[in-house]
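A quick note: this is a predicted structure, and the numbers were derived from the prediction, not measured.
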Amino acid sequence: MVENKLEPEVLQIIEYIKNGENFLLSGGAGSGKTYSLVQVIKKVIEDNPKAKVACITYTNVGVKEIKERVNHNNLVVSTIHDFLWDNIKNFQKELKKGLITLINDENSKIKSHDDKKVEDSYFDLIEDGIQYKEHIRIKEGIISHDEVLELANYMFKTYRLLCDILKDKYKFIFIDEYQDTSSLVIEIFLKHFENSKKKNIIGFFGDAMQSIYEDGIGDLKSYIDLGKIKEVQKKQNRRNPQLVIELANKLRTDGLLQEPSKDNKAPNMIDGVVKNGNIIFLYSTNNNLDEIKKENKDSIFKNWDFDNAKQTKELNLTNNLIATKAGFSKLMEIYDKDPIINFRNEVVKKIKDDNLIIDDSKTFEEVSNIVPVRNRQRQRKIDLIMQDTDSNFLYKQLKDLPFFEVKKIYLNKDSLIDDKKQDEENENKKGSKRDDLIKHLFKIQDVIHLYDEKRYNEFIRKTEYKITSIAKKREIKKIIEDFKNYADKTIGEIIDFADKIGICKKDDKFNKFINNENKYIYSRVKEVEYKEFHNLYRYLEGFTPFSTQHKTKGDEFDNVLVVLDNGGWNNYNFEYLFTNRIDKGSVLSRTQKIFYVCCTRAKENLIVFYHNPSKEVIEKAKEWFGEEKVLMKQLIFNYAP
């Protein structure tokens with residue numbers, strides 16, 4: 001590698017490394033932080049051929065990307081959780097002791113199976129030692145993601161030898177997307193490592209303005225102020241057109257102002273000049289965005305192809321907002337807003353908060369009548385359930401069951417919508433949280449999709465349907481057509497049909513799901529029209545333009561439509577953003593960052609839609625976007641629903 005080919009920021013980092021100093025590369029959206037990270041890794045390996053380098057990133061997608069760009073025996077690329085676990089998992093005696101200490105610590109989030117303190121012998125009978133998996137069963141010694149971080153922090157804090165071993169093993173540790181990393185992890189590398197006299201270099205790469213996850217540290221300002229790390233700013237922007245860069249700079253609060261790249265080959269450059277791009281602040285007094293899109297398809301939405309998920313995205317804050325637009329609102333309501341399960345959760349919380357002793361063998365109705373009378377608001381909730389026909393019907397399904405069975409029912413929207421792809425070419429992530437019912441439905445729709453795509457060999461491998469003749473080929477064609485005619489079929493009917501003909505048999509996981517504590521969930525889901533699941537499938541597999549604003553981080557699209565609606569989520573408020581409500585500091589900061597991330601996804605065109613904004617919002621929009629770019633659109637035609 002020739003040094004003059006290195007970026008100026010990378011050369012500065014190399015100088016810090018030579019001086020034995022930890023560093024931080026801060027770069028805005030589209031600055032090419034990953035490219036800089038790869039350059040640093042290659043240069044460090046070149047200069048230190050015998051040293052091992054660890055690169056830690058936030059996701060499995062990030063791991064794959066780094067591995068594809070740098071292939072070297074001395075480089076270990078891993079997610080944060082896997083890296084930490086790999087370096088503590090062999091110290092089983094200390095792990096057990098540490099877990100018991102944390103379980104008994106009131107300030108720890110790690111709890112025992114019954115939320116009580118435990119004896120030193122708590123883990124004596126487990127055979128396989130402490131294990132790290134996708135789920136948690138603490139009594140069996142099985143911990144998951146959150147527990148790994150807290151336990152690792154404890155281990156490195158308590159045992160200096162661990163710090164010695166890790167610093168000896170890796171002379172360089174680089175953390176990508178540092179802003180999303182837990183403060184517990186940062187403490188290990190910048191605080192606990194100081195207890196070791198061994199030498200190594202810790203480098204961070206990321207952007208404080210893109211810290212959109214609640215459990216991330218956000219920024220490293222306190223460590224910079226203490227002189228524990230040296231900051232290098234990367235100001236270039238290779239992705240966004242000029243107008244988006246200018247808007248993004250107005251949103252930044254950390255003093256880093258981006259400028260167009262000087263690289264003529266950068267994606268946002270044409271003949272040595274940065275693209276101008278287009279930004280619009282669009283609003284109406286009615287919440288009629290879909291109609292506005294139709295009516296303005298030849299003007300402000302010209303060349304926007306909402307059928308091309310790779311080029312065009314509509315970004316909403318929550319999946320609940322998307323569910324209505326994408327056509328799976330009933331499924332979303334079941335998994336996210338079941339009135340009886342929500343009430344059950346309140347009963348369980350009341351029992352725990354008040355340390356009530358309840359006989360779990362009593363029926364759900366008996367327990368719900370015992371607990372809520374201690375709270376008038378909960379009693380009113382029971383009355384409302386009884387008065388609502390649908391809720392009353394659902395309550396009757398559970399009221400006579402033992403309370404211990406009702407407590408086991410697990411309903412969470414992640415079980416429905418986890419593992420969203422941005423487009424059909426994305427890969428599914430490792431460890432999906434979808435439940436076994438939704439996974440079974442995916443198997444059915446995957447088989448149909450394979451047939452439609454004429455991928456017949458894969459289709460045959462995934463089914464138990466035997467194609468042994470021309471007649472069988474005609475038969476399967478007719479069967480697939482029957483599947484597609486699902487408009488008046490329920491999910492339950494489609495599952496039974498797929499099982500009967502051998503397209504997708506009911507396996508052990510599915511049968512266990514619907515016959516155990518999840519029978520209630522299946523009783524609700526099976527009555528929903530199958531077209532709702534088909535719509536969900538299209539959304540999750542990336543065939544629609546819809547995405548949540550958080551999920552789009554790290555991606556880029558030609559056309560980006562940002563919908564400013566907090567959907568009842570109190571952590572965000574877009575009016576605060578435009579009126580600078582500094583008295584609501586945490587909400588303002590959170591909203592500002594998610595808006596920054598959304599706007600900086602755009603490679604060509606950015607449109608921001610706001611329903612019924614106040615005069616103050618409109619004035620701020622004119623300041624940010626330009627007066628001529630703030631447009632009100634009222635409908636000329638009425639569209640049938």
**Item:** Cation-pi geometry met for Lys622 and Phe281 (6.0 Å, 45°)
**Value:**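 Geometry flag: not set, cation outside 6.0 Å or 45°.
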**NZ or CZ of Lys293 within 45° of Phe306 ring axis and under 6.0 Å** =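 Flagged: Lys293 positioned over aromatic ring of Phe306.
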Rounded to the nearest 0.5 Å, how far apart are [atom1] of [X] and [atom2] of [Y]?
X	Y	atom1	atom2	value
Gln236	Ser36	CD	OG	7.0 Å
Asp176	Thr34	CG	OG1	5.0 Å
Lys551	Asn319	NZ	CG	9.0 Å
Glu616	Glu575	CD	CD	7.5 Å
Thr181	Ile175	OG1	CD1	7.0 Å
Gln179	Ser26	CD	OG	9.0 Å

For [X] and [Y], indicate whether the former's side chain and the latter's backbone hold a donor-acceptor pair under 3.5 Å.
X	Y	result
Arg239	Ala29	no
Asn566	Tyr572	yes
Lys553	Val597	no
Asp499	Ile495	no
Ser211	Ala208	yes

Looking at [X], I'd like to know if its [atom1] atom is crowded, meaning that more than 12 non-hydrogen atoms belonging to other residues, nucleotides or ligands lie closer than 6.0 Å.
X	atom1	answer
Asp508	CG	no
Glu627	CD	no
Lys275	NZ	yes
Lys250	NZ	yes
Lys439	NZ	yes

Of all the heavy-atom pairs spanning [X] and [Y], show the shortest one and how long it is.
X	Y	result
Asp180	Ile212	OD1-N, 4.1 Å
Asn511	Asn515	O-ND2, 2.8 Å
Ile340	Leu394	CG1-CB, 3.6 Å
Arg434	Asp418	NE-O, 2.9 Å
Thr57	Gly62	CG2-C, 3.6 Å
Gly542	Ala309	O-CB, 3.3 Å

Decide yes or no for [X] and [Y]: does some side-chain heavy atom of the first lie under 4.5 Å from some side-chain heavy atom of the second?
X	Y	result
Asp565	Leu317	no
Ile438	Asp435	yes
Ser547	Leu315	yes
Ile494	Ile444	yes
Glu532	Ser329	yes
Asp436	Lys512	no
Leu243	Asn276	yes
Thr591	Tyr576	no

**Residue pair Tyr335, Phe328: steps toward the side-chain contact (heavy atoms from CB on, under 4.5 Å) verdict** = CA-CA 11 Å; Tyr335 276 83; Phe328 57 93; over 6 Å; no
**Asked** Out of Lys526, Lys505, Lys506, which residue meets the salt bridge (charged side-chain N to carboxylate O under 4.0 Å, His left out) rule with Asp496?
**Response**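 One option only clears the test, and that one is Lys506.
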With no hydrogens and no angle check, just 3.5 Å: does a side-chain donor-acceptor pair link [X] and [Y]?
X	Y	value
Thr579	Lys620	no
Ser415	Asn412	no
Lys325	Asn316	yes
Asn240	Asn268	no
Ser523	Gln397	yes
Asn278	Lys629	yes

In plain terms, say whether [X] and [Y] are close enough for a salt bridge, that is, a side-chain N and a carboxylate O under 4.0 Å apart.
X	Y	result
Glu214	Arg590	yes
Glu333	Lys330	no
Asp507	Lys443	yes
Arg252	Asp207	yes
Arg524	Asp338	yes
Asp263	Arg238	yes

**Request:** Evaluate the side-chain contact (heavy atoms from CB on, under 4.5 Å) criterion for residues Leu282 and Tyr610: first the C-alpha distance (whole Å), next the side-chain angles of each, then the deciding distance (0.1 Å), finally the verdict.
**Result:** CA-CA 6 Å; Leu282 181 65; Tyr610 199 121; over 6 Å; no
Classify the ring geometry of [X] against [Y]: parallel below 30°, tilted from 30° to 60°, perpendicular beyond 60°.
X	Y	result
Phe533	Tyr537	tilted
Phe578	Phe595	tilted
Tyr213	His550	tilted

**Request:** Report the C-alpha distance between Arg581 and Val587 in whole Å, list the side-chain angles of each, state the deciding distance to 0.1 Å, and finish with yes or no for side-chain contact (heavy atoms from CB on, under 4.5 Å).
**Result:** CA-CA 9 Å; Arg581 284 289 300 274; Val587 176; over 6 Å; no
**Request:** Going by the side chain to side chain contact (heavy atoms under 4.5 Å, CB included) test, name the single residue among Val617, Val608, Leu564 that passes it with Phe574.
**Result:**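 Result for side chain to side chain contact (heavy atoms under 4.5 Å, CB included) with Phe574: Leu564.
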**Between His449 and Phe543, ring centroids under 6.0 Å** =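 Yes, close enough.
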**Message:** As a quick check of understanding, evaluate salt bridge (Lys or Arg N to Asp or Glu O under 4.0 Å) for Arg455 and Glu453, giving each step before the final call.
**Reply:** CA-CA 5 Å; Arg455 293 155 62 181; Glu453 293 290 305; 5.2 Å; no
**Prompt:** Can you check salt bridge (Lys or Arg N to Asp or Glu O under 4.0 Å) on Lys313 and Asp555, steps first, answer last?
**Reply:** CA-CA 10 Å; Lys313 280 293 175 195; Asp555 292 318; over 6 Å; no
**Request:** Carefully, step by step, assess Glu604 and Asn303 under the rule side-chain contact (heavy atoms from CB on, under 4.5 Å).
**Result:** CA-CA 11 Å; Glu604 301 284 348; Asn303 299 323; over 6 Å; no
